[in-house]
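Down below is the structure, laid out as structure tokens.
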Amino acid sequence: MARTQTDRCPGVLAVHQAADGGLARVRVPGGVLTADQLEVLRIAAQQLGNGRLELTSRGNVQVRGLSADGPRELSERLYDAGLLPSITHERVRNILASPLSGLDLESRYDVLPVAAAVDRALCSRPGLAELPGRFLFALDDGRGDLRGVQADVLVRAVDEREAVLSLGGLGVRVGWGEAAEAMVAASESFLVERTAQGSQAWRVAELDDGASRILDRLGLDRTGADQGETSALVPGVHAQVDGKCALVVTVPLGSLGPEQADALQQVSAGQVRITPWRSVVLPGLSGDPSERLDEVGLVTKADSPWNGVTACAGQPGCAKALADVRADARRVTPKLPRHGRPMHWSGCDRRCGKPAGEFVDVLAIGNGYVIDGERMGLQ
Ligand code: SF4
């Protein structure tokens, strides 16, 4: 389906004006932040925004509630912290990587250096500033956790020598030495094919026969499909191959308060990885800081009712919202039946940020909610 709308994906410089002020989205390629960068974001959110950091389904971070001169000050701070390396390409740096990459036995290849190489190559090519802000690259370290994220260009590790590059389910084998270049070349071919079709598509899937035509342009023979389900990381301690451990921590509703961000920074070993599942990974730990994180309302247990719960912005951030869904979700979620499904709270029937696949649908209707289509009073 051809798109004709203007690409309004927010960035740090192209801030979205929401009902509660400016909303800036900070791209974090590979989801990797240093502890110092997290501190910069925490302080910026406190001094320039509403104090909270929102984690997105693409492993990025949002600051909202910015005043009129907030974006300028924010962009200067992010530039100094190395979080805004390109003015022209900031919105196209959408690169997911397996959050436990390089840490445990399931990781067949550490894809984080490849993610960094893709980022550098993207930012170095002027024409790629034209990529839509929704175009998504993903690098799966072989465990299969990112196979279902609906990336436009996905690379999944086979072993230490080879990977499968796939577009829209069509896959080709590539060596690691050429993987970053192949991903970037695929995005360039997307733009060429988009122009050839007279389209303003944002995603490969929106082009007519897009995946096949892009592979043809690259001269690559497809070898088969490579799609599957995405599996969220389970909170708790994961053993690393080097004897240390990584802690997976769920951030309830993906909204990180200042005290929580400070606690993560304090207990980290210098790095915090943002996942696509509203959680973070603290790699390289020598001990288990779960108790400290539990104290500030973060979730380190696999059986917590907060795992797999998401919500749109709702009131007061979105003018369309019929309820303050986040406040209601905080109050009611632990009491609601889930039957093993994720749960998503929406302030209107656009259901922004809903998860892929089956989920418990909690929808505001103005005078209450319907849950999976049934009217429910929330006490
Ligand atoms: S689902 Fe509706 S209320 Fe929620 S953020 Fe989207 S438009 Fe706003």
Side-chain angles (χ1 to χ4, degrees), residues 1 3-12 14-27 45 49-67 70-71 91 94 132-136 149-150 202-203 206 232 250-257 274 276-279 306 308-333 336 338 341-378:
M1 180 182 67
R3 298 269 188 179
T4 55
Q5 300 100 315
T6 306
D7 184 355
R8 294 201 180 93
C9 236
V12 173
V15 167
H16 169 66
Q17 286 306 319
D20 59 346
L23 182 156
R25 184 174 300 160
V26 185
R27 266 61 179 192
N50 69 3
R52 305 191 76 85
L53 296 170
E54 292 181 349
L55 311 186
T56 78
S57 61
R58 291 173 161 209
N60 293 322
V61 177
Q62 292 183 166
V63 179
R64 63 186 313 145
L66 293 166
S67 61
R91 293 190 305 164
N94 299 300
R134 296 187 182 189
F135 196 91
L136 179 63
V149 296
Q150 297 173 340
W202 290 332
R203 310 293 306 270
E206 293 167 359
T250 293
V251 177
L253 302 177
S255 178
L256 192 61
I274 302 167
W277 307 291
R278 273 78 171 188
S279 60
W306 291 106
V309 181
T310 51
C312 78
Q315 294 175 348
C318 177
K320 292 192 173 66
L322 300 173
D324 184 346
V325 288
R326 288 172 179 251
D328 290 335
R330 282 193 191 94
R331 194 167 48 83
V332 177
T333 290
L336 296 179
R338 299 270 296 277
R341 289 177 292 167
M343 173 182 286
H344 185 68
W345 290 71
S346 305
C348 78
D349 59 11
R350 289 179 68 175
R351 296 180 174 84
C352 298
K354 70 179 179 184
E358 296 245 319
F359 63 95
V360 179
D361 181 26
V362 187
L363 175 66
I365 54 171
N367 56 354
Y369 287 82
V370 289
I371 301 179
D372 284 342
E374 284 191 34
R375 181 90 167 74
M376 295 274 288
L378 300 184

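Just so you know, ligand 1 is whichever comes first in the structure, and atom 1 is the first atom listed for that ligand. Hydrogens, waters and symmetry mates play no part in the numbers below; they use all other heavy atoms, side chains included. Owing to the predicted nature of the structure, the values given are computational and were not obtained by experimental measurement.
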Nearest protein heavy atom with distance in Å, relative to [atom]:
atom	value
atom 2 (Fe) of ligand 1	C348 SG, 2.3 Å
atom 6 (Fe) of ligand 1	C352 SG, 2.3 Å
atom 4 (Fe) of ligand 1	C312 SG, 2.4 Å
atom 8 (Fe) of ligand 1	C318 SG, 2.3 Å

Of R326, R331, R330, the residue whose pairing with D328 passes salt bridge (charged side-chain N to carboxylate O under 4.0 Å, His left out) = R331

Side-chain touch L253/W306, heavy atoms, less than 4.5 angstrom = yes

Side-chain heavy-atom pair L136, R203 within 4.5 angstrom cut-off = yes

Taking the side chain from H344 and the backbone from C352, do they hold a donor-acceptor pair closer than 3.5 Å?
-> yes

Ligand 1 atoms nearer than 4.0 angstrom to some heavy atom of R350 are 7 (S)

Give the numbers and elements of all ligand 1 atoms closer than 4.0 Å to a heavy atom of A321.
-> 3 (S)

Quick one: which of V360, I371, D361, T333 gives a side chain to side chain contact (heavy atoms under 4.5 Å, CB included) with W345?
-> T333

